[in-house]
Number of protein chains: 2
Amino acid sequence: MILGVRHDDLRKRNRAMVIAAVRREGQPSRTDLVSRTGLSHSTISAISSDLIAEGVLRPVKSGENEVVRRGRPQVSLGLEPKAATVLTVVLLLNTLSATVFDYAGEIVAQKRERLSTLTASRDELVGAVTHMIEAVLQDAGRTPNDVMRMTMAVQGITDSDARAMLWTPITPESDIPFADILERRFGFPVTVQNDCNMIAVALRARDPERYRDNFVTLLLSNGIGMGLVLRGELFTGAYSSGGEFGHMIHRPGGALCRCGRHGCIEAYAGNYAILREAAGRSDQTVADADVDPQTMLELAQDARAADGPARAAFTRAGEAIGYGLGSLFALIDPAPVAIVGPGTLAFDMMEPSIREAIGQTAGGQHDAVISFDLEADEMPLILEGCARRALEAVDNELFAPGYIATMQAGA
Amino acid sequence: MILGVRHDDLRKRNRAMVIAAVRREGQPSRTDLVSRTGLSHSTISAISSDLIAEGVLRPVKSGENEVVRRGRPQVSLGLEPKAATVLTVVLLLNTLSATVFDYAGEIVAQKRERLSTLTASRDELVGAVTHMIEAVLQDAGRTPNDVMRMTMAVQGITDSDARAMLWTPITPESDIPFADILERRFGFPVTVQNDCNMIAVALRARDPERYRDNFVTLLLSNGIGMGLVLRGELFTGAYSSGGEFGHMIHRPGGALCRCGRHGCIEAYAGNYAILREAAGRSDQTVADADVDPQTMLELAQDARAADGPARAAFTRAGEAIGYGLGSLFALIDPAPVAIVGPGTLAFDMMEPSIREAIGQTAGGQHDAVISFDLEADEMPLILEGCARRALEAVDNELFAPGYIATMQAGA
DNA sequence: CCCTTTTTTTTCGAGCCTCGAAAAAAATAA
DNA sequence: TTATTTTTTTCGAGGCTCGAAAAAAAAGGG
């Protein structure tokens with residue numbers, strides 16, 4: 001059904017727009033909002049006084065870098081921290097963390113713990129998450145009733161409705177419906193998101209100049225994750241979180257991948273694959289479930305020092321990534337790439353062969369657009385992306401019900 | 001800038017919605033429109049009487065399959081044919097055609113001619129298009145002033161703004177800015193679109209049940225073209241028409257492609273590649289610019305008859321397509337595939353190895369969703385897609401100015 | 001043949017929403 | 001203290017959609 005636009009949708013959309021602008025801009029004045037949204041002074045005035053009355057926004061004291069000018073001074077509007085509480089949980093290999101944020105996006109409380117995800121049972125995983133949520137809420141002095149939304153990021157594949165973790169390299173368990181489980185347990189709405197997608201959300205928020213309409217984030221670790229933003233929207237598949245870059249085929253029938261198939265990009269460029277190759281093991285050897293970062297650092301040192309098996313392994317990895325990006329760019333046209341995660345520490349050993357390989361593909365055409373930004377620590381990005389995602393969902397669902405903004409797939 | 005919604009946008013959007021519903025449904029009554037759009041009777045009544053007064057819609061006599069019921073009979077609304085005239089031009093290898101459509105989408109006049117595109121100069125190509133437009137307009141009894149929009153489909157890559165043909169296999173010429181040239185010459189707005197994208201638009205219109213949110217169209221011919229619809233929107237790249245499936249890399253450093261690079265899918269699955277392989281030529285041989293359909297039919301016969309080089313060539317082609325689809329599905333999740341063009345005639349020789357290859361990839365998971373529909377003749381689909389695209393642009397720009405509907409990238 | 005029933009379509013007043021213009025507010029400059 | 005400048009609010013006008021009621025146009029029934 002092609003839905004018509006009702007009259008009251010108008011207010012909802014414009015309210016959502018105002019809230020979104022305040023979240024993006026920081027502390028804009030009403031006048032800033034007028035130029036930002038194109039709405040009239042009257043409308044902005046009406047909407048913002050409503051939002052202040054409802055406790056969503058609040059007038060804030062002008063900052064220090066205020067230019068002293070003639071005329072009535074602008075009153076900046078900020079998000080009211082007390083308006084809502086959101087929760088994020090990040091579940092990665094051997095690491096679990098939970099963070100409570102206020103509505104303005106400031107951290108209220110945070111907890112982090114080591115957890116042997118590879119050996120933990122299904123119930124232990126769920127139990128650990130549940131306990132951590134209870135603990136961090138207690139630290140924050142909040143109850144589950146205060147939480148308006150939770151976003152959970154996991155390594156691996158999630159479903160397109162953001163309800164479950166379908167498959168993950170961090171445990172042999174699969175199809176864990178975290179959203180259902182946690183919603184039943186705590187009562188607040190939960191979404192489950194892919195970690196790389198959250199990185200993309202965070203990068204877009206951090207540097208909108210650079211990461212706006214089209215860009216790629218690659219998470220180089222034991223596996224290869226991807227987050228993809230196309231036309232300003234986070235890309236997800238029809239059934240899953242999508243964007244399984246690491247499992248595009250680099251060489252049909254080639255090296256054995258962790259997923260059991262052969263020739264995936266990951267089977268050449270994942271940490272386990274680089275290690276396997278550098279150590280002279282057959283590329284049909286079963287993958288290590290985890291590779292110590294220290295080992296990878298030493299491997300990178302070896303590669304930098306001399307032209308031996310380590311350097312060859314990184315070159316081969318770069319080749320796989322490069323051809324993969326080339327094929328991706330053949331589909332979507334070249335775009336900026338952000339490289340995130342431990343793999344950045346050895347990226348200098350891969351970049352030449354990556355560029356070489358891209359040059360061999362149709363994606364090598366708009367060479368100038370292809371650039372690589374490095375960010376070693378993925379954790380802060382994942383956290384930021386989760387928080388943003390949760391807060392934007394609250395913005396829309398709660399304070400502008402009925403209107404669904406962009407970047408909200410599976411929210 | 002995040003644009004707020006102005007008050008008058010409301011009417012524009014709802015007008016656009018009504019027009020779109022009429023175009024999609026055929027001849028809906030006002031009551032149908034109410035349930036289709038979710039708007040109230042009053043609003044539909046107001047909008048449709050406006051549109052009738054403006055000569056965009058018209059009440060039509062009820063069709064034969066009208067159920068005789070008690071009560072005031074429904075009055076069907078149809079598009080007023082005289083409301084606008086649009087023009088489509090399709091430029092393929094050695095073929096040029098132009099068609100005039102009325103606003104209701106009926107063909108008013110059509111012309112088609114053989115043209116040696118491979119040997120024609122740039123000026124000759126442009127001249128041929130110009131002459132054909134003049135001729136078909138004369139046949140239709142229209143002048144350029146009557147034409148509200150023209151959509152041109154070309155084989156090859158177009159720019160993302162749909163203004164120019166960037167590269168094409170049908171002539172050595174490249175970067176021909178058809179939109180600028182023709183707009184200057186005739187005065188009506190022109191867009192230049194990729195042929196496979198128009199096929200996707202047409203399939204979506206023809207069978208919305210099957211081709212709705214996510215699907216792939218593959219045009220198998222001398223080259224391999226792709227049209228991709230994701231989340232209900234035609235996918236295009238950031239700089240070009242995108243979706244260069246044929247130039248994803250199947251085997252790094254492999255067979256020589258028409259594009260000069262090595263290992264592209266096309267270099268295994270294009271007609272020239274199949275012929276080259278079947279004939280026992282090296283896969284580093286330069287490609288034929290054109291392969292006679294008859295030759296391909298004979299090759300397919302050979303392949304069906306015995307397990308020789310012809311069968312091996314088709315198997316190899318299917319493998320390339322299969323692994324390519326597998327990689328694509330790793331990114332976007334599996335989706336229905338429509339196979340269009342001459343390649344369908346030998347598709348039975350490729351399907352087994354396509355399925356076999358997909359099964360080796362991450363895309364092979366949701367096996368059930370992957371289905372292949374065949375449509376040998378691409379020409380009617382391209383034409384239908386072009387017409388639809390042009391008409392929808394008229395719908396929106398002219399009768400609901402300011403509101404840009406979906407499926408309108410680069411319109 | 002006329003009146004009732006049923007269904008579709010139009011009309012009409014109410015309630016919102018945005019807009020532009022004018023007024024009010026709050027500061028600096030002289 | 002008064003004029004000037006800039007921001008913000010107020011207020012009336014115009015539009016849009018909605019629901020309810022009225023009008024229109026057919027079939028059914030006695």
Side-chain angles (χ1 to χ4, degrees), chain A residues 2-18 21-22 25 27-53 57-63 66-77 400-403, chain B residues 2-18 21-22 25 27-53 57-63 66-77 400-403:
Chain A
I2 335 149
L3 272 180
V5 187
R6 312 291 224 57
H7 197 197
D8 36 333
D9 293 342
L10 236 164
R11 224 330 132 78
K12 286 175 191 162
R13 288 187 63 148
N14 288 336
R15 279 169 63 103
M17 216 129 273
V18 166
V22 173
E25 303 295 317
Q27 301 195 327
S29 68
R30 290 171 177 79
T31 310
D32 293 335
L33 290 173
V34 167
S35 55
R36 212 58 73 185
T37 61
L39 296 170
S40 69
H41 283 272
S42 357
T43 305
I44 292 296
S45 178
I47 290 178
S48 41
S49 76
D50 280 1
L51 289 173
I52 290 170
L57 300 183
R58 60 168 186 183
V60 289
K61 297 285 165 291
S62 57
E66 174 86 351
V67 191
V68 179
R69 272 177 315 184
R70 218 164 172 179
R72 179 171 174 175
Q74 304 190 348
V75 178
S76 300
L77 297 175
Y403 171 62
Chain B
I2 335 146
L3 272 180
V5 187
R6 312 292 225 57
H7 198 193
D8 36 335
D9 293 343
L10 236 163
R11 222 336 129 78
K12 286 175 191 162
R13 290 186 63 148
N14 287 337
R15 280 169 60 103
M17 218 127 272
V18 167
V22 174
E25 303 295 318
Q27 302 194 325
S29 69
R30 291 170 177 80
T31 310
D32 293 334
L33 290 174
V34 166
S35 56
R36 213 57 75 183
T37 62
L39 296 170
S40 68
H41 284 273
S42 357
T43 304
I44 292 295
S45 177
I47 290 177
S48 43
S49 75
D50 281 1
L51 289 173
I52 290 169
L57 299 183
R58 61 168 187 183
V60 288
K61 298 284 165 291
S62 58
E66 175 86 351
V67 191
V68 179
R69 271 178 315 183
R70 219 165 171 179
R72 180 172 172 174
Q74 303 190 348
V75 178
S76 301
L77 297 175
Y403 172 61

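Order of the sequence lines fixes the chain letters, A, B, ..., with proteins taken first and strands second; residue numbering starts at 1 for each chain.
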Nearest-angstrom distance from the residue atom CD of B:Q74 to P of D:dA27: 14 Å
Any heavy-atom pair between the side chains of B:N14 and B:T37 that's under 4.5 Å? no
Taking for each residue the nucleotide of DNA chain C bearing the nearest heavy atom, is the 5' side occupied by B:R30 or by A:R70? B:R30
I want to confirm an ordering. Mapping A:S49 and A:R72 to their closest nucleotides on DNA chain D, which one lands closer to the 5' end? A:R72
Determine: side-chain N/O of B:N14 to OP1/OP2 of D:dT17, distance under 4.0 Å, yes or no. yes
Separation of D:dT17 P from B:R13 CZ (nearest whole Å): 12 Å
Just wondering, do A:R15 and A:D50 contact through their side chains at under 4.5 Å, heavy atoms? yes
Mind checking which nucleotides bracket the chain A contacts on DNA chain C, 5' to 3', with an atom under 4.0 Å from a heavy atom? C:dG15 to C:dA29
Would you classify B:T31 as touching base, sugar-phosphate or nothing, given that sugar-phosphate means primed atoms plus P, OP1 and OP2, and contacts are heavy atoms under 4.0 Å? sugar-phosphate
Residue whose closest nucleotide on DNA chain D lies nearer the 5' end, A:G71 versus A:H41: A:G71
Student check: side-chain heavy atoms of A:D9 and B:R13 closer than 4.5 Å: no
Starting at NZ of B:K12 and ending at P of D:dC16, how long is that distance when rounded to a whole Å? 10 Å
Distance-only, no hydrogens or angles: does the B:S45 side chain make a donor-acceptor pair with backbone N or O of B:H41 under 3.5 Å? no
Residue pair B:L33 / B:L39, side-chain heavy-atom distance below 4.5 Å: no
Quick one: does B:D32's side chain have a donor or acceptor within less than 3.5 Å of a partner on B:S29's backbone? yes
